[in-house]
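To keep things clear, I will list the structure first and then write my remarks on it.
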2 protein chains.
Amino acid sequence: MKSDTVYKRTFNQMLDLIQDHPVGAALPSETVLASELGASRTTIRKVIDELCAAGLLRFEARRRIVLSHDCGGLYHPVVETVSASDRLEKLFMEWMLRGDAKPGTAINEAEMARRFGISTTGIREFLNRFSRFGLVERRPGSGWVFKGFSESFASELFEIREMFELRSALAFCRLPREEACWKKLGQIEQEHHALLADIETRFHDFSDLDDRFHRLVIHGAPNRFIEDFYDIITFVFHYHYQWNKKSEKQRNRTAIVEHLRYIEALRSGDEATVDAACRAHLKSARLTLFQSMINETAPAGTKDNGA
Amino acid sequence: MKSDTVYKRTFNQMLDLIQDHPVGAALPSETVLASELGASRTTIRKVIDELCAAGLLRFEARRRIVLSHDCGGLYHPVVETVSASDRLEKLFMEWMLRGDAKPGTAINEAEMARRFGISTTGIREFLNRFSRFGLVERRPGSGWVFKGFSESFASELFEIREMFELRSALAFCRLPREEACWKKLGQIEQEHHALLADIETRFHDFSDLDDRFHRLVIHGAPNRFIEDFYDIITFVFHYHYQWNKKSEKQRNRTAIVEHLRYIEALRSGDEATVDAACRAHLKSARLTLFQSMINETAPAGTKDNGA
DNA sequence: TCCTTGTTTTTTATGGATAAGAGACATCGA
DNA sequence: TCGATGTCTCTTATCCATAAAAAACAAGGA
């Protein structure tokens, strides 16, 4: 049976929304709510019904009037708002990054299902989707092998990343200046300046900006395989640095500065400059990643020597 | 319920095997049979039981004696020997390459399940696995978009292929001559010569050789992402040229000659030569593919102009 | 004539069931 | 002792069921 995580998440969001409105005010129409909260009208209506029953809203003359802000214990626990597959992803990465699994370990679906408390169907789907990240591999015959978040993984990842990014950066700087992406680049550059000025408090915002910057560069000369590959990068960085917060602020500050040089290089239109700035940034990103792997996450056995 | 395709396939293979043995001779042990036919002993035993019941074999004193070659109508139909997922893959590719689906079409799981007569779970698994080929894409929200085997697909594919192969070829020619791969290269070279000599009759054997050659080159400096990507190439070529047999012999002959030059270049160790030979081969492969796309498969509407 | 809301239909997420197939263990004859 | 066969257990492929969500449709009021 499908779980009702969407409902619960939407319910919580709606509680937030109610508190943003003064008592007596009206909430937007169902359609608007649906698109704002990212759910279907069906779900929105269910939530509204529930909230009316709880006495927080009143439905009158096509308007949903806020009756009270008293949402004390109404919030649904956050765990219940994430879908089974997202939960599994998180559990799995946690398990992996904590180093519970040595590279080379065979895992089978049935066992995983037991370990993570998720149906085998769910496990199987997850492994299938996940295998593109190169961290697990289906073994001919049966079962899966766990490849580990190892140094060889990271270095193979970076080798590709460098090829792709260099290619994209050069292609980008050759684009005619009228192209929309130059304008977007300007905006992103502004965001970098803004973030840098405020780095002390807002350094967490960097990873999103980083992602948008690199994706913009890459998208200048679109290639679905390159863009798909960037999903892997995003994913890996997301989890790795979630487990590994050491010197995050400093790390991000450095990266911002490198990005700004990189952007400047792109503007210059000079390919040698672009090449140099891009390489410099990637080299430093790689180094940072490796250092954080060696110092923190990887207990003995998590490092391998390539295959 | 799991289908018994393994059993049926094994049964058919065993019939072949029986006919290879004179009446009165004994088949190998269960263990040996299992490993030779690529199935588990469980399956082998089931097949043997069945064949004994059919009077083709007799089990006496630990030996399986062939009693007769009379396997007339015993073969299971070939369709019943392929697993649901393989069947789906084939159906889907057929549907796609025949041009029944215009690029950009949204497909949903339920509809596909109906169209192909396979459970939605099966469809979903297929789409998940298949999405890495870049021909379908999960749409945020729900459903899938069919991207089409278009020119832009092929050209994006080749762009990556060229990057990867060039990198691998250069890495390969730098490998010390003692490495095992040089020996393997020699063997593969021989196979090329042999095939070329016999091209009139054996030209179908090229695609397998082609695959092994490129994978050998690539594997010289292993990178899981590159090797994974080569799966896509293999897959695409496999299906495309299955639908498109035009001038296959000529095409393969040309490729063999190019490979031989490429191999020679690798041996020379001179990077410029390698670079040139590799590029030449890829350029010609690309051209061939494009021509065959334009001339045969793609009806109007199958070509797009990139996204 | 549109936006809103009420209602119905379709699709998707997720767990469960089950026979097929794989693998592990036990036994036995040379 | 060791490979072969017999037996038992566990895993996987595959379909089905069902509630949740999404989408499509219908009707009503400014």
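Reminder, nothing fancy here: chain letters follow the sequence lines and each chain counts from 1.
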- request: Could you label the plane-to-plane angle of the B/Phe133 and B/Phe130 rings as parallel, tilted or perpendicular, counting under 30° as parallel and over 60° as perpendicular?
  value: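 Plane angle over 60°, so perpendicular.
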message: Over 60° means perpendicular and under 30° means parallel, so tell me whether B/Tyr239 and B/Trp243 are parallel, tilted or perpendicular.
response: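 Answer is tilted, since the angle falls between 30° and 60°.
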field: Where protein sits on nucleotides 15-20 of chain D, one letter per nucleotide: B base, S sugar-phosphate only, - none, heavy atoms under 4.0 Å
entry: BB-BBB
Between [N] ([atom2]) and [X] ([atom1]): distance, integer Å:
| X | N | atom1 | atom2 | answer |
| --- | --- | --- | --- | --- |
| B/Glu125 | D/dT12 | CD | P | 12 Å |
| A/Asn128 | D/dT14 | CG | P | 12 Å |
| A/Asp49 | D/dA21 | CG | P | 14 Å |
| A/Ile44 | C/dC3 | CD1 | P | 19 Å |
| B/Ile107 | C/dT11 | CD1 | P | 13 Å |
| A/Glu111 | C/dA22 | CD | C1' | 16 Å |
| B/Ile123 | C/dT10 | CD1 | C1' | 16 Å |
| B/Arg62 | D/dG3 | CZ | C1' | 8 Å |

- request: Determine, step by step, whether B/Phe146 and B/Trp95 satisfy the ring-ring contact (aromatic ring centres under 6.0 Å, His included) criterion, reporting the C-alpha distance in whole Å, the side-chain angles of both residues, the deciding distance to 0.1 Å, and the verdict.
  value: CA-CA 12 Å; B/Phe146 173 69; B/Trp95 175 72; 5.5 Å; yes
query: Across the strands shown, which category fits B/Thr31 at heavy-atom distances under 4.0 angstrom: base, sugar-phosphate, nothing?
result: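 Touches a base.
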- request: Under 4.0 Å between any heavy atoms, over every strand shown, what does A/Arg9 touch: base, sugar-phosphate, or nothing? Just pick one.
  value: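 The residue A/Arg9 makes no contact with any strand.
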message: Closest-nucleotide mapping onto DNA chain C: is B/Trp144 or B/Gly38 further toward the 5' terminus? I mean the 5' end.
response: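 This one resolves to B/Trp144.
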Could I get a table of every N or O pair under 3.5 Å where one atom is in the protein and the other is in nucleotides 6-10 of chain D?
| unit_1 | atom_1 | unit_2 | atom_2 | d |
| --- | --- | --- | --- | --- |
| D/dG6 | OP2 | B/Arg45 | NH2 | 2.1 |
| D/dG6 | O5' | B/Arg45 | NH2 | 3.1 |
| D/dG6 | N7 | B/Arg41 | NH2 | 2.7 |
| D/dG6 | O6 | B/Arg41 | NH1 | 3.0 |

- prompt: Between C/dA22, D/dA4, D/dT12, which one does the side chain of B/Ala39 approach most closely?
  reply: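 Per side-chain heavy atoms of B/Ala39, the pick is C/dA22.
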- prompt: Where each residue is assigned the nucleotide of DNA chain D containing its nearest heavy atom, which of A/Glu109 and A/Ser40 is assigned the position nearer the 5′ end?
  reply: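 It is A/Glu109 whose nearest nucleotide is closer to the 5' end.
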query: Is it true that atom CZ of B/Arg212 has more than 12 heavy atoms of other residues, nucleotides or ligands lying nearer than 6.0 Å?
result: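 Yes - once you tally the heavy atoms of other residues, nucleotides and ligands closer than 6.0 Å, there are more than 12.
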message: Counting only heavy atoms not in B/Arg138 (residues, nucleotides, ligands), do more than 12 fall under 6.0 Å from its CZ?
response: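 Count over threshold, so yes.
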- request: State, without any angle test, whether B/Thr5 and B/Arg87 hold a side-chain donor-acceptor pair at a distance under 3.5 Å.
  value: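 No - no donor-acceptor pair under 3.5 Å links their side chains.
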field: Any A/Arg63 side-chain N or O less than 4.0 Å from OP1/OP2 of C/dT4
entry: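 For C/dT4, OP1/OP2 do not have a side-chain N/O of A/Arg63 under 4.0 Å.
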query: Does the distance from a Lys or Arg side-chain N to an Asp or Glu carboxylate O, for A/Arg132 and A/Asp231, drop under 4.0 Å?
result: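 Yes, charged N to carboxylate O under 4.0 Å.
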- prompt: So, do A/Leu17 and A/Leu33 sit near enough that their side-chain heavy atoms are less than 4.5 Å apart?
  reply: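 Yes - at least one pair of side-chain heavy atoms lies under 4.5 Å apart.
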- request: Apply side chain to side chain contact (heavy atoms under 4.5 Å, CB included) to the pair A/Arg224 and B/Phe153, showing each step before the final yes or no.
  value: CA-CA 8 Å; A/Arg224 71 191 75 187; B/Phe153 172 79; 3.4 Å; yes
